[in-house]
Amino acid sequence: IGLRNLDISLGMSDSALMDFTDVVEGRCSLERAAVEHPVIRGLYLLTAPVRPTPSSMDEEKMKAMLETARAQFDYILIDSPAGLGSGFRLAVCGADRAVVVSTNDSSALRDAQRTVVELGRRLDTIHLVMNRIQPKLLRKLRTTIDDAMNTAGLPLIGVIPEDTQVMLCANRGIPLTSQGRKGAAMACRNIAWRLMGRRVPIMRIR
């Protein structure tokens, strides 16, 4: 919200023309606004507005739209903006659970802790993803993933290594998971499987 970019990362800027405010304000249907990915069948994108209006930030309207979406989709992933402002509250208002993504630096983990406290007032299930992990840096800092879990106070659902493919894919509008089964692509697949209930070992990053 306010910094829309998922359409760029997915290579859908030319097709994702409507955003969720068009749906909540009744200008078009969810079926028309949510656009299917040109390659990954069954994956749909509903973008956020660049300039939200006060009425589009109404939590009750968001909940109503999500109830409609629940009847049409198996999973709904809501990308929350950073911070704990109105965009965060709107993203959380209709959620069942949350995935907090953090890097291993102290400031990011403190932000994660604050986010967890806020989420804990609203949700029962919260997971942690450690992102952009560099083993050599961890060794130099004498920290571990366990330390990060203890600091954030969350169960770990995935570890994503530092990987240049992430930036390359985002800039080219190519889904990361289409680029083989190693590195960050494999880590993201593993997280998706765990969210679906499968038992998958945490990736070892060397």
Side-chain angles (χ1 to χ4, degrees), residues 1-50 52-53 55-82 86-101 115 119 122-129 131 154-155 157-158 160 166 169-170 173-179 181 184-200:
I1 298 173
L3 293 171
R4 186 178 77 187
N5 56 26
L6 282 178
D7 56 328
I8 297 173
S9 298
L10 290 171
M12 299 177 67
S13 298
D14 293 335
S15 56
L17 304 179
M18 303 290 187
D19 60 55
F20 76 71
T21 62
D22 293 304
V23 179
V24 299
E25 294 181 354
R27 290 190 290 270
C28 72
S29 66
L30 177 63
E31 290 83 359
R32 183 182 173 196
V35 181
E36 188 172 21
H37 192 274
V39 177
I40 304 175
R41 310 316 298 175
L43 174 65
Y44 288 77
L45 174 66
L46 177 62
T47 64
V50 177
T53 61
S55 62
S56 69
M57 301 297 284
D58 184 284
E59 291 187 14
E60 292 305 315
K61 289 182 178 180
M62 175 61 82
K63 288 179 182 178
M65 182 186 72
L66 289 173
E67 283 304 311
T68 300
R70 288 176 199 273
Q72 300 179 34
F73 299 98
D74 296 318
Y75 294 89
I76 303 167
L77 306 179
I78 305 171
D79 184 23
S80 170
S86 58
F88 169 83
R89 293 192 294 273
L90 192 69
V92 173
C93 73
D96 299 311
R97 52 180 164 165
V99 178
V100 176
V101 182
T115 303
L119 287 170
R122 302 165 179 256
L123 302 172
D124 294 325
T125 305
I126 308 170
H127 301 287
L128 174 68
V129 168
N131 193 25
L154 290 177
I157 199 172
I160 302 175
V166 175
C169 288
I174 301 171
L176 176 66
T177 52
S178 68
Q179 302 303 296
R181 292 178 176 267
M186 192 69 237
C188 289
R189 285 180 183 274
N190 288 346
I191 292 167
W193 283 331
R194 291 186 198 103
L195 288 172
M196 294 169 66
R198 290 179 58 175
R199 292 183 176 273
V200 183

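None of the values given here were measured: they were computed from a predicted structure.
Pairing each heavy atom of D58 with each of K61, the nearest pair is OD1-N, 3.0 Å. M12 approaches P38 most closely through the heavy-atom pair CG-CD, 4.1 Å. Closest of all the heavy-atom pairs between V166 and A184 is CG2-CB, 3.6 Å. Between I174 and Q179 the shortest heavy-atom distance is CG2-NE2, 3.2 Å. Between A95 and L123, the shortest heavy-atom distance links the atoms O-CD2, 3.2 Å. In this structure, E67 and R70 approach most closely via the heavy-atom pair OE2-NE, 3.0 Å.
We find the OG1-CG distance between T125 and L154 to be 11.0 Å, quoted to the nearest 0.5 Å. A distance of 9.5 Å separates CZ in F20 from CD1 in I78, rounded to the nearest 0.5 Å. A distance of 6.0 Å separates CG in L195 from NE2 in H127, rounded to the nearest 0.5 Å. Taking CG of L10 as the start and CG of N5 as the end, the distance is 9.5 Å to the nearest 0.5 Å. In this structure, CZ on F88 lies 4.0 Å from CG on L119, to the nearest 0.5 angstrom. Atoms CD1 and CG, on I76 and L66 in that order, are 5.5 Å from each other to the nearest 0.5 Å.
Residue pairs meeting the salt bridge (charged side-chain N to carboxylate O under 4.0 Å, His left out) criterion with at least one member in residues 10-22, sequence neighbours excluded, are D22-R27.
In this structure, the side chain of R194 engages the main chain of I157 through a donor-acceptor pair within 3.5 Å. Looking only at distances, a side-chain donor or acceptor of E36 sits under 3.5 Å from a matching main-chain atom of G42. When atom types are taken as modelled, the side chain of R189 and the backbone of T177 share a donor-acceptor pair closer than 3.5 angstrom.
When each of M18, M62, M65 is tested with V23 by the rule side-chain contact (heavy atoms from CB on, under 4.5 Å), just one qualifies, namely M65.
The shortest side-chain heavy-atom distance between C188 and L176 falls under the 4.5 Å cut-off. Residues V99 and I191 fail the side-chain proximity criterion, which asks for heavy atoms closer than 4.5 Å. Within the 4.5 Å cutoff, no side-chain heavy atoms of V39 are placed close to those of P175.
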Please evaluate residues R97 and I126 with respect to the criterion side chain to side chain contact (heavy atoms under 4.5 Å, CB included), reporting the C-alpha separation (whole Å), side-chain torsions for both, the decisive distance (0.1 Å), and the verdict.
CA-CA 6 Å; R97 52 180 164 165; I126 308 170; over 6 Å; no

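Every residue meeting the ring-ring contact (aromatic ring centres under 6.0 Å, His included) condition with Y44, not counting sequence neighbours, appears here in chain and number order: F73.
By the 6.0 Å contact criterion, CZ on R32 is open, its count of non-hydrogen atoms from other residues, nucleotides or ligands being 12 or less.
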